[in-house]
Each structure stands twice: as C-alpha cells, then as structure tokens.
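I have placed the structure first, in the form of structure tokens, so that the comments after it can refer back to it.
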Amino acid sequence: MTDDAATTVAEFRVLHGRVVDAVEHAVHGKRPVVELVVAAMFAGGHVLLEDVPGTGKTTLARALAAALGGTSRRIQFTPDLLPADVTGTSVLDPDTGSVRFRPGPVFAHVLLADEINRAAAKTQSAMLEVMAEGTVTADGTTHAVPDPFLVVATQNPVDLDGTYRLPEAQLDRFLLRVRLGYPDLEHELAVLHPESSAGDVAAVPTVTSPADVARLARGLRAVHVADPLLRYVRALGEATRTDARTRLGASTRALRALVGAGQVQAAAQGRHYVVPSDVQALAHAVLEHRLILTREALLEGVTAADVVAAAVDSVDVPRPAAV
Amino acid sequence: MSRRGPGAAPTAWAVALLLVACLPLAASFTSPVVLAPVAAAVVLPFVVVVLARRLAVPAWATGAAGVTLVLLVATSLARADAGGVPDVDQAAWRTTGAAQVLGPLADAAARLLTAPRPAAPALAVPVVALVAVVALAVALAMGRRAPARVAPLVGALVLYATGLLLTAGAADRGPVGVALVALAAAGWSLLDGDAVERHRQAPQLGQAARAPRARWRAGGVAGLVVVALVAAGGAAAAGAVSGPAFEPREHVTPPRLPADAVHPLAELSRWQTDGDATVLRVSGTHPGYLTWVALPDFDGAGWYADLDLRALGTVVEPSLGPGRVRGEVDVEIELVDLAGPAGSPGSWLPSVGDVVATSAPGALVDVDAGVLAAPPTPDGRLPAGLTYRVRGAVDRPQADAVARAGVPGGPEVGRYLRLDGFPGDLRSYAQGVVVDARTRLDQATVLADTVRGDRELAVDAVSGTSYARLREFLFADRAAGGQVGTSEQFAGAFAVLARAVGLPSRVVLGFAVPGGAAQDDDVPRDVRGADVRAWAEVYLAGSGWVRFDPAPDAVTAAGVDEGTREQDAGTEVQDEVPLDEPDEDVPPADPATDEPSEPASAVSGATVALAVGAVLGLALVAVLAALAAARALRRRRLRRAGVLGAWQHASDALLLREGPAAPAATADTLASRMAALSGVPAGSLATAAQAVAFGGAPRPAAPDAWRTAVEVERGLRAGAPRRRRLTWWADPAPLRRR
C-alpha cells in the first residue's frame with residue numbers, strides 16, 4: 001500500500017461519513033441505503049431507487065446533490081418526453097446566426113430521473129450513452145457531462161399502468177438497485193414530528209465539492225482486491241449463471257461493478273483492501289436487478305433475491321489460511 | 001459430466017502401480033508371454049477412459065461398456081479354449097440365462113484354479129479379464145474426487161493379493177511387495193496435485209496463495225502414514241501366520257481324467273518268463289525299487305487300480321498322509337523293452353514315491369496310489385525309448401517308529417480294508433496266525449512269515465489272486481496246485497490276510513533295482529524281466545506305506561530302516577481300529593493314537609482372538625499416535641506462520657468444536673462465533689488475518705495473535721462436549737481442511 005493510497009482511503013472515510021451524515025439531515029433512518037447510494041457515486045455508478053411513492057426516493061436524491069455541492073437537475077419522466085428533452089438540442093442563435101447546442105438536464109452532477117419507467121423506450125435509450133460513457137452526442141458532436149455524474153432514478157413497482165419496463169441493457173447500467181422501505185417505528189415517529197427536518201433538502205449542508213468527489217473516486221481504484229476475492233466474485237457470478245431458475249445471470253459488467261463497489265465499501269470502512277464481507281454486503285444490491293428469471297421460476301414465486309442468496313450461501317467464501 | 005481427468009502424472013503412476021502389482025499374477029504362469037496381455041489389460045482401459053472423457057461419454061456408460069466388452073471377449077476366448085471339452089456333469093443352473101453365456105468364463109476360472117502350478121499361458125483368460133476390469137475401475141475412479149489417490153492403491157492390492165492367492169504366496173517373497181509400497185509412497189509424496197480437486201476447489205486464499213503441490217504434500221503425509229501402516233500391518237500379519245500358505249486350490253475339486261480300471265498283474269508273468277530282457281535302465285538316487293503301478297482295490301476276484309489321474313502339480317493331498325521320515329528321490333529312467341509296440345499295454349511310468357516333478361511330457365499322477373502315467377497314446381503303449389527324470393520323496397519308515405505304530409481309522413482307510421464276500425475260513429486263518437502278535441508290525445511280520453512259509457516261488461505258476469486261488473495257494477497241497485505261486489500270489493495273499501486283521505494294505509507291481517538303494521548313481525543299472533515283481537504294502541500311522549515282500553526270494557521282508565530298531569519293541573499299541581475286530585465301516589475314534597498333535601493345532605481360538613485383538617489394538621494406537629503427531633506438526637507449523645497461522649489455529653479449534661463452517665461464513669462471521677463460544681474476542685485476530693490475506697501486506701510479526709488464538713482454542717475446548725474433548729488432539733478433521 002502506498003502512502004497516497006492510505007491518504008486517499010483515510011480522506012475518503014472521513015468524507016464518506018460527512019456526506020452520509022449530511023444526507024441524513026433530510027432522510028431519516030435509512031443510513032445503510034444512504035451509504036449504498038453514496039458508495040455508488042464514488043464507484044462511478046448509477047442508482048435505481050425502487051419503491052412505492054412517499055418513501056423518500058426523491059428526497060434522497062436531492063439531498064445527495066445538495067451535500068455534494070454540485071449541480072443537480074430533475075426530470076419527471078412521462079410518456080411524451082422526448083430524447084432531446086433529456087439530452088439537449090441544437091438551436092439557432094438569433095444573435096450570432098449560428099446553431100449552438102443547448103444542454104439538456106442531463107448536464108448536471110446529480111440527475112434525478114423520477115419515475116424513469118414512465119418514459120417511452122426511445123427516451124430511455126437516450127439515457128444509455130450518458131449513463132455508460134458520461135457523454136452526449138448531438139449532431140455529430142460529443143459533449144461531456146460534468147464529473148462526477150450520478151443518475152439517481154426512481155421507479156414505482158406498484159403502479160404499473162402506463163409504464164414501460166426498463167430494457168436489460170439499461171438496467172445493467174445501474175450499479176445498484178436499492179429499496180428504501182418504510183422507516184422503523186422510532187424513525188417514522190421522528191419523521192412525523194412537525195419540527196422534524198425530514199424532507200428539508202434546503203437544510204442539507206454542502207460538505208464537499210464535485211472536484212473532490214471526482215479525485216477521491218479515481219484514488220479509490222487503488223484499493224487492493226486480492227486474487228481470491230476476484231475468484232470469489234467470479235464464482236458468485238457463475239453460480240447465478242448456472243442456476244436453473246435464471247434465464248440470464250450476472251454479466252461481466254455486473255461483476256466488475258461488484259468489485260468496484262466493493263472497493264468503495266472497503267474504503268468506507270477505512271480499509272485499503274476488500275474482504276469477502278464487502279462483496280457479500282453488496283451482492284444483492286448489485287446483482288439482483290440484472291438477473292432475468294425463467295418463466296417457471298417466476299410462476300413459482302422465486303425472486304432474484306432468492307437466486308443471489310443461494311449463490312452467496314453456496315459458494316465457498318475465501319478465508320485466511322496459512323497451510 | 002466432468003471431462004477433467006486426473007492428469008498425466010497420476011495416471012502414469014497408477015498404471016505403473018498396477019503393472020508392478022500384476023507381476024505375481026504373471027509369475028503364476030509357465031511362460032512370460034502372459035506379461036504382454038496382462039500389460040495390455042492394464043493400459044488399454046486407461047486409454048479408453050481418457051478417450052471417453054474427451055468425447056464427454058458419461059463414466060457410467062464407459063464403465064458398463066468396458067465391463068461388457070471385457071466379459072464378451074473373455075467369454076469368447078474361454079469358449080474357444082474349451083471347445084474340445086465335453087459338457088459333463090453340468091449343473092442345472094448352468095443351462096439358463098446369463099450363467100449359460102458366462103459359463104465358459106467360470107469354467108476357465110475353475111480350470112485355472114485347479115491347473116498345475118505354474119499354469120499354462122492358455123489358462124490366463126480369467127486373469128487378464130480380472131486385470132482389465134480392475135484397471136477400468138481404477139481409471140474411472142481416478143476421474144472422481146475422493147478416490148483419485150486411493151483407487152490405484154486398492155486396485156494394486158487386489159491384483160497383488162490375487163497373484164499371491166493363485167500361487168499360494170510363491171510368486172513373491174518380498175521384492176514386489178516392497179516395490180509396491182515404495183511406488184505407492186513415492187506417488188503419494190512426490191506427485192503433483194490431481195487436476196480434479198484443483199478444478200473443483202473453491203476460490204480461497206490459501207489455495208491460491210500456495211502451490212497445489214504443497215497441498216498434495218500435506219495430504220501425502222497422511223497418505224504415507226497410511227501406506228506405512230498398511231505395509232507394516234501386512235508384514236506383521238505375514239509373520240504371524242504359521243503353517244503352510246493358504247492354498248485356494250485345496251478348496252476346489254480338480255478335474256479328473258477318465259482312466260479305466262486296470263488289472264496289470266498279468267504282465268508280471270510275461271516279464272518274469274523273459275527274465276533276461278532289459279526292461280529299463282535306472283540311475284540317480286532311489287531306494288532300490290521302482291513302482292510301476294500300485295493296486296489299492298480288491299474285489300474278491302483280483303487286484304486292480306481304479307486310478308484317479310490328474311495333471312502333475314495339481315494340488316491334491318493323498319487321502320493317507322505321508323510318513324514323517326522321508327527320503328529324496330531323483331532318478332533318471334530309460335524305458336527299454338517296457339515301452340514301444342512290444343512293450344506292455346498301459347501308460348504307467350515307472351517311478352517311486354510321491355512324484356514332485358518329472359521331465360516326462362504331460363505326465364499324470366494318482367496321488368493316492370503314487371502312480372505316474374503318460375498321456376494315453378493311440379496304441380495304448382508307452383512311446384519307445386522314452387527317457388525321463390523323476391524327482392520326489394519316498395517314505396522311509398524307521399524301525400522303532402514302525403514297531404510302535406498303529407493304523408489310522410476313518411473313512412480314508414476303508415478302501416484299503418475292503419474285502420467283499422471274504423470267506424470265513426480265510427478270516428479265521430488270518431486271525432489265528434496273528435493271535436499272539438502284540439503290535440501291528442508283529443502282525444504284519446507274522447503274516448508275511450506265514451505266507452512265505454515253505455512255499456515255492458515259481459514264475460510259471462498259475463496266476464490270479466481271487467479268493468479261490470488264494471485258498472488253493474495257501475491250503476492245497478502241491479499236487480493240487482497249492483503252495484506254489486508267483487510273487488503275485490505271495491503279495492496278494494499277504495495283502496488279503498492283512499486286510500482281514502485290520503491292516504490297510506495294497507499290492508504293488510514294480511521293479512527291484514539290482515544293487516539296491518543308490519545315491520547319485522551315475523551308472524545306469526539294467527532292470528531285467530526277472531526283476532519285475534509284486535509286493536505288498538501296509539499303511540502304518542506316522543510311517544506311511546511300509547513294504548512287505550512275503551516272497552521266498554525277497555531280500556528283506558519289511559522295507560524298514562533297521563538301524564534304530566529296538567529289539568524289545570513289544571509295547572502294546574492301541575489302534576484306532578481294534579486288533580481283533582477289524583471293522584472298516586465304523587472305525588472307533590481313539591484319542592490315544594500315537595499321532596502327536598501338531599503344534600499349530602494346539603493354538604486355541606481364544607489365543608487367536610487375543611492376538612488379533614492385540615494387533616487391532618496396536619494398530620488403533622498407532623493410528624491415533626500418527627494422527628496426534630500430524631496434528632502436533634500442524635500446530636507447530638501454524639505457530640511459525642504468524643497471524644495467518646494463529647487465525648487458522650483458532651479456526652481449527654472452531655472446526656473441532658462445531659464441525660465445518662457454512663460455505664458463506666466469512667472470517668468475521670467465524671470470529672463472532674468464536675467469541676460467542678469461547679468468551680475471547682477474536683475480531684482483531686480475524687481483522688489482522690484478513691489484512692495479511694487480502695491486503696497484500698507483508699506478514700507482520702504478531703506475538704499477541706498466537707496468544708489470542710491459544711486462548712480461543714482453550715475456551716472452545718473447555719466448552720466442548722466430552723466426546724469432542726476426548727478426540728481433540730487426534731481428530732483428523734483439521735488435517736483434511738482445504
């Protein structure tokens with residue numbers, strides 16, 4: 001481990017804690033979920049928040065943007081939303097008489113894509129490039145979005161009228177899918193209190209800058225991942241692929257995402273190396289939304305969570321060994 | 001279906017092991033040519049299994065097809081080999097279903113088991129089939145996980161033991177066994193890890209960080225201990241076994257060649273009337289006489305031999321055991337007038353004693369009568385000019401032993417006491433003659449003297465040994481044809497009278513070699529027609545068959561060594577058969593026979609059980625000691641391995657306490673469990689171990705880590721159930737850990 005790496009890890013651990021604390025000003029009782037979302041941001045990935053309305057999805061996204069201090073935009077996805085409404089469009093400048101690109105809302109550090117599954121497939125596809133490569137191409141010109149760039153999309157799994165299922169390719173581009181769920185009794189009572197700060201995004205302090213986030217995110221690539229860990233991750237992926245209940249298992253991109261998220265998770269614990277429990281802690285969030293189950297499995301009520309749990313339970317975890 | 005094989009080196013090792021184990025099998029045949037099919041039977045199954053794996057054929061299909069193929073080929077070969085043998089005495093079960101198909105193979109196995117040793121190469125079919133099936137099983141088993149190293153050992157042991165059983169242990173006196181142990185030990189300790197296990201291993205730090213060779217060696221230590229224990233146990237067992245080697249052929253009835261009952265005594269007169277003709281020539285070591293044919297059967301009309309001819313070397317014990325003192329016979333015999341078109345009919349070869357080996361081609365033997373015979377020829381006579389050598393052993397009854405000897409009882413002697421329709425006057429006569437005799441030897445001697453009496457030996461006397469002829473010979477006067485006879489009548493009369501008083505007897509037609517017994521006699525002696533004669537033999541317990549020649553021209557009446565005979569050997573002998581009531585049907589068992597007990601039979605069952613128990617106990621102690629030593633070595637190695645060693649020591653303890661952990665249990669999970677069970681916080685130990693294992697950091701010297709691990713272990717052991725605490729130090733579970 002180099003000194004730089006150690007410094008990065010130490011700095012990140014402090015910053016991670018501060019960001020999570022800041023977000024918790026507005027989102028109460030969801031620290032594990034908040035940690036996951038923050039981890040996704042530093043891992044360079046995007047987050048799909050899936051839950052019923054009123055659980056704080058939008059608040060979480062906005063609070064995160066506020067804590068980062070960067071720009072944030074929100075798109076309310078509707079069936080008539082056009083791709084240009086998302087990525088931007090070229091317009092004639094009457095002053096200069098030339099055509100110039102007017103950036104769309106994706107040009108922000110944090111993009112809140114609310115109810116993303118209500119947009120048509122064409123509009124959803126417009127998100128693919130920017131999510132994967134961080135660029136937008138319009139009229140043959142490629143425009144880079146700010147760094148860091150985090151898409152926090154929300155999706156309502158219950159009210160499915162007028163929605164379009166997200167294509168697998170796009171789902172695969174979300175690093176994590178998390179569910180907020182309802183808060184427990186104590187936190188929900190606190191939220192209900194009239195003087196509670198829950199949902200008050202304006203009260204979220206700005207604790208860092210986009211530049212720091214981008215720098216630390218690059219530094220976290222140096223967190224050590226031992227060869228047995230890579231084998232373990234691969235074995236987990238193989239287990240989902242060979243599971244008879246899946247039609248499509250975890251892709252290589254999914255496993256890379258798991259490793260990257262594991263690095264951030266390890267650094268958040270102050271470690272410069274990944275341990276198996278980091279991988280296990282993230283396996284569900286990273287893998288579940290990428291699996292496609294067979295029709296028979298779905299009829300039997302099997303969920304992707306069951307498949308991932310089976311993989312985690314069955315694959316031998318690497319442990320320290322001397323002989 | 002896995003296509004993964006065990007790798008080239010383990011496969012070569014297994015093949016070498018099986019080939020060495022096959023050496024005793026091949027040595028049980030007369031020709032080394034058997035080695036070729038046996039080696040092919042070892043190698044080919046491995047080739048087939050490798051090809052099948054490449055073609056992704058399931059193992060069960062390979063196995064079933066391989067066994068079927070081996071059985072088909074072996075059965076076809078066996079059927080072709082047995083083509084000329086008629087189906088005699090075929091059991092009913094053999095005529096149906098699979099038994100009918102596989103019958104020839106079963107017959108081939110029986111022929112091999114009962115064949116002379118060493119056996120002819122043509123009988124090797126069942127052996128080659130067995131080798132092929134074992135090699136196939138080993139090759140298939142090596143593709144699986146657990147028996148990859150065990151299967152070759154088991155297969156080699158099976159083949160090696162089969163070779164020893166087939167030869168009653170004669171095929172290997174040690175070298176092959178030692179080579180097998182060395183080869184097995186070398187394989188277990190030197191070979192690289194088997195591919196199957198390597199492929200199946202879970203992604204785990206210890207395995208990735210260490211070469212598979214190290215793990216193989218770690219397992220090899222246990223393997224070496226096992227091999228050493230098996231070898232030591234085998235050697236100890238071999239040393240503990242006393243007495244003759246186990247001979248499987250004793251448990252099988254050897255095939256019997258058909259031989260018609262023969263009445264050869266008529267040949268006696270023929271040769272005696274042409275007394276100068278050279279019948280045969282004899283040189284070497286012999287007792288002064290040769291047996292042509294022994295006649296154990298008497299039907300009231302004459303003496304004959306219902307021979308039971310089998311191939312020489314067939315393991316069949318004579319129904320009456322040999323005497324305790326035996327002399328060596330090594331004689332070369334050249335047949336002159338005896339053989340050829342002008343010779344005598346019949347195929348008996350002059351010999352003496354119990355024949356062990358002979359150069360006569362295809363010789364057959366009747367072990368009861370001690371008759372050697374040549375294979376039947378088209379003209380029913382021996383081939384002219386036949387010269388052959390005979391080696392064997394002959395009873396040398398000692399005078400003092402004979403004087404004290406009784407006769408055995410039991411059904412075995414019934415054949416030699418049989419007197420169908422025996423006339424009462426002859427019985428009275430015989431019993432009257434021996435009324436004053438106090439010993440069996442006295443009885444025989446008195447009878448011989450009585451038969452000899454003043455009677456005259458004449459080569460032209462009327463032949464025959466029926467009751468009527470004997471009565472005439474013994475009781476009629478000379479004018480009526482009595483008192484004169486050939487040696488046939490003298491021997492026959494003696495043998496009949498001897499049977500009448502309970503002495504097992506037979507008549508032997510043979511040759512008196514001029515000059516008597518010889519030792520390494522280089523000069524061939526001519527045996528002439530006048531030397532052809534008949535004599536009688538009486539079986540005495542412990543002395544074997546004792547010759548009595550009651551003819552007037554006999555040199556000695558009894559064929560015993562007189563040197564040690566005590567003159568006052570008149571002690572009353574209690575027989576298994578009473579002197580005055582010879583009854584061959586129900587011979588009373590008499591524990592007071594003079595047969596001394598064999599030392600081996602004196603060993604009681606309890607002693608054997610105690611010895612076996614002691615050996616098993618010692619073996620158990622040795623195994624426990626070996627395991628404890630291996631565990632101690634492991635602990636020492638772990639202590640030197642820093643934080644990782646300390647962590648593994650603690651996790652070994654958890655394994656002993658609770659058994660294997662769940663696959664998904666991380667080090668942190670295990671540490672929590674350790675802390676819960678032992679009361680000693682183990683989280684820091686897990687963290688430190690993971691930092692080394694996953695952090696890529698150099699191993700720090702952590703004296704506290706080992707102390708923590710020991711405390712964890714103590715805590716876990718203290719709370720363990722009693723059964724686990726008892727086996728804590730010798731439990732092999734940690735040795736098997738991945």
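- For the pair B:P663 and A:S314, the tightest heavy-atom approach, listed with the atom from each and the gap, is CB-O, 3.8 Å.
- Closest non-hydrogen pair, A:V312 versus B:A664, comes out as O-CB, 3.0 Å.
- Within a 6.0 Å sphere centred on CZ of B:R717, heavy atoms belonging to other residues, nucleotides or ligands number more than 12.
- Annotation for A:R256: atom CZ does not count as buried by contact number, only 12 or fewer foreign heavy atoms lying within 6.0 Å.
- Between B:T666 and A:S277 the shortest heavy-atom distance is CG2-N, 4.1 Å.
- Other residues, nucleotides and ligands contribute only 12 or fewer heavy atoms inside 6.0 Å of the CZ atom of B:R714.
- Residue A:V223: no heavy atom, backbone or side chain, is found under 4.5 Å from chain B.
- Between the side chain of A:R319 and the main chain of B:A665, a donor-acceptor pair closer than 3.5 Å is present.
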Yes or no on side chain to side chain contact (heavy atoms under 4.5 Å, CB included) for B:F694 and A:L229, after CA distance, side-chain angles and deciding distance?
CA-CA 8 Å; B:F694 303 122; A:L229 258 302; 3.1 Å; yes

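- Heavy atoms from other residues, nucleotides or ligands lying under 6.0 Å from CZ of A:R31 number more than 12.
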